[in-house]
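In what follows, chains are A, B, ... by sequence order, proteins preceding strands, each numbered from 1.
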Amino acid sequence: MKDNPNFFNDVYEVVRLVPHGKVTSYGAIANYLGVRRSARMVGWAMNGAPQDVPAHRVLNRNGLLTGKNAFSTPTLMQELLEKEGIQVKNDQVVNLKQHFWDPTTEIGL
DNA sequence: GGTCTGACTAAAT
DNA sequence: GATTTAGCCAGAC
């Protein structure tokens, strides 16, 4: 595309790899890409992520729906997560550890 | 073109 | 253990 840095592209790919009914964190993706400290960039990348990317499965390390405001509606994110079998309470994922999906652990070879 | 802020995280206080 | 500081980099003013 016009200007797709490898970093952003990698982020999109990893997020697309997130299985249905699972969630991950920006830091986990950043860590998988080797830029743990640049977790912010992952979030920023999501801001320009295509709809092919299930950004609603990406939360902060606390399991909080930080970027819900970036969706069509701030409630859409929670709706989607609940639809996938993930319980969300107070904009936060319940049993986060149970639904957490770490690419470094799952894909990490 | 310098400054501020932001879908974050970890370490320090 | 909760709050603050620092680090990262890119876009907006």
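The number of heavy-atom neighbours closer than 6.0 Å to CG of A:Asn69, taken from other residues, nucleotides and ligands shown, is 12 or below. Counting heavy atoms of neighbouring residues, nucleotides and ligands inside a 6.0 Å radius, atom CD of A:Gln87 does not exceed 12 of them.
Rounded to a whole Å, the CG atom of A:Asp91 is 14 Å from the P atom of B:dA7. Between the CH2 atom of A:Trp44 and the P atom of C:dG7 there is a distance of 21 Å, given to the nearest Å. Between A:Gln78 atom CD and B:dA7 atom P there is a gap of 19 Å when expressed in whole angstrom units. Here the P atom of nucleotide B:dT5 and the CG atom of A:Asn47 are 18 Å apart, to the nearest Å. A:Met46 has its CE atom 14 Å from the P atom of B:dA7, to the nearest Å. The distance from atom CG of A:Leu59 to atom C1' of B:dT9 is 15 Å, rounded to the nearest whole Å. Here the C1' atom of nucleotide C:dC8 and the CZ atom of A:Arg36 are 12 Å apart, to the nearest Å. The nearest whole Å value for the distance from the OH atom in A:Tyr26 to the C1' atom in C:dA10 is 17 Å.
Going from atom OG1 of A:Thr24 over to atom CD of A:Glu106 covers 9.5 Å, rounded to the nearest 0.5 Å. In this structure, CG on A:Leu33 lies 13.0 Å from CE on A:Met41, to the nearest 0.5 angstrom.
Looking at the side chain of A:Arg37, the nearest of the listed nucleotides B:dA7, C:dC8, B:dA10 is C:dC8. The side chain of A:Ala39 approaches B:dT9 more closely than any other nucleotide in the set B:dT9, B:dA7, B:dG6. When each of C:dC8, B:dA7, B:dG6 is scored by its nearest atom to the side-chain atoms of A:Ala70, the top-ranked nucleotide is B:dA7.
Listed pair A:Arg61 / B:dA10 meets the phosphate criterion, a side-chain N or O lying under 4.0 Å from OP1 or OP2.
Ion pair A:Glu84/A:Arg57 flagged as a salt bridge, since at least one NZ, NE, NH1 or NH2 atom sits closer than 4.0 Å to an Asp/Glu carboxylate oxygen.
No engagement by A:Ala30 is indicated, since no non-hydrogen atom pair under 4.0 Å with the nucleic acid exists. Nucleic acid contact class of A:Asn60 (heavy atoms, under 4.0 Å, all strands): sugar-phosphate only.
C:dT5 and B:dC4 have their P atoms separated by 15 Å, with the value rounded to a whole Å.
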